[in-house]
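One structure below.
Owing to the predicted nature of the structure, the values given are computational and were not obtained by experimental measurement.
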Amino acid sequence: MMQSFDDAGKFGKEMTDTGLKSFASVSKNMQAIAVEATEYSRRAFEQSGSALEKLVQAKSPDKAMEIQMDFARQAYEGFVGQATRMSELYADMAKEVYKPFEMLGVKAR
């Protein structure tokens, strides 16, 4: 009977330790995601400002249309690249968060 209480205590401690490791992983990965989102926002803002300056300086409607099309293409490519990067970061975070619990499951077998 005493052995089962000891086992339950050890299991509870392992679950707590595992939860803390998982939480630390979430925290670290959310920081990386926030930094990535901030950098993307900064780049997008700078590119928008640059495109606006070029539009103001455009001498003809054709040149303005060319500038706008170029900006739209760059913005789209940047967005797709950033979306891919963010999805990779979230997938990596999910793997890291699950890893401590995976090890706990291996120990239980």
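Shown here are the salt bridge (charged side-chain N to carboxylate O under 4.0 Å, His left out) partners of Asp92, two or more places apart in sequence or in another chain: there are none. For Ser87, the side chain to side chain contact (heavy atoms under 4.5 Å, CB included) test picks out no residue, with sequence neighbours left out. Judged as a side chain to side chain contact (heavy atoms under 4.5 Å, CB included), and not counting sequence neighbours, the contacts of Glu88 are Thr84, Arg85. With sequence neighbours excluded, the residues forming a side-chain hydrogen bond (donor to acceptor under 3.5 Å, both in side chains) with Arg43 are Gln82, listed by chain and number.
There is no path of hydrophobic side-chain contacts, each under 4.5 Å, that joins Met65 to Phe71. Taken together through direct or relayed side-chain contacts under 4.5 Å among Ile, Leu, Val, Met, Phe, Trp and Tyr, Val97 and Tyr90 form part of one hydrophobic cluster.
Between Thr18 atom OG1 and Lys99 atom NZ the span is 13.5 Å, to the nearest 0.5 Å. Here the straight-line distance linking atom CE of Met86 with atom CD1 of Ile33 works out to 6.0 Å at 0.5 Å rounding. Considering OG1 of Thr16 and NZ of Lys21, their distance stands at 12.0 Å, rounded to 0.5 Å.
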Under 3.5 Å donor-acceptor pairs involving side-chain atoms of residues 23-32, not counting sequence neighbours:
unit_1, atom_1, unit_2, atom_2, d
Ser25, OG, Asn29, ND2, 3.3
Ser25, OG, Glu96, OE1, 3.4
Lys28, NZ, Glu96, OE1, 3.1
Asn29, ND2, Ser25, O, 2.8
Asn29, ND2, Glu96, OE1, 3.4

Handout entry: CA sep, side-chain torsions, deciding dist, call: Glu66, Asp62, side chain to side chain contact (heavy atoms under 4.5 Å, CB included)
Key = CA-CA 6 Å; Glu66 180 184 326; Asp62 289 339; over 6 Å; no

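Listed here is the closest heavy atom pair of Ile67 and Ala51: CG2-O, 4.0 Å.
The side-chain hydrogen bond (donor to acceptor under 3.5 Å, both in side chains) analysis of residues 44-58, with sequence neighbours excluded, yields the pairs Arg42-Glu46.
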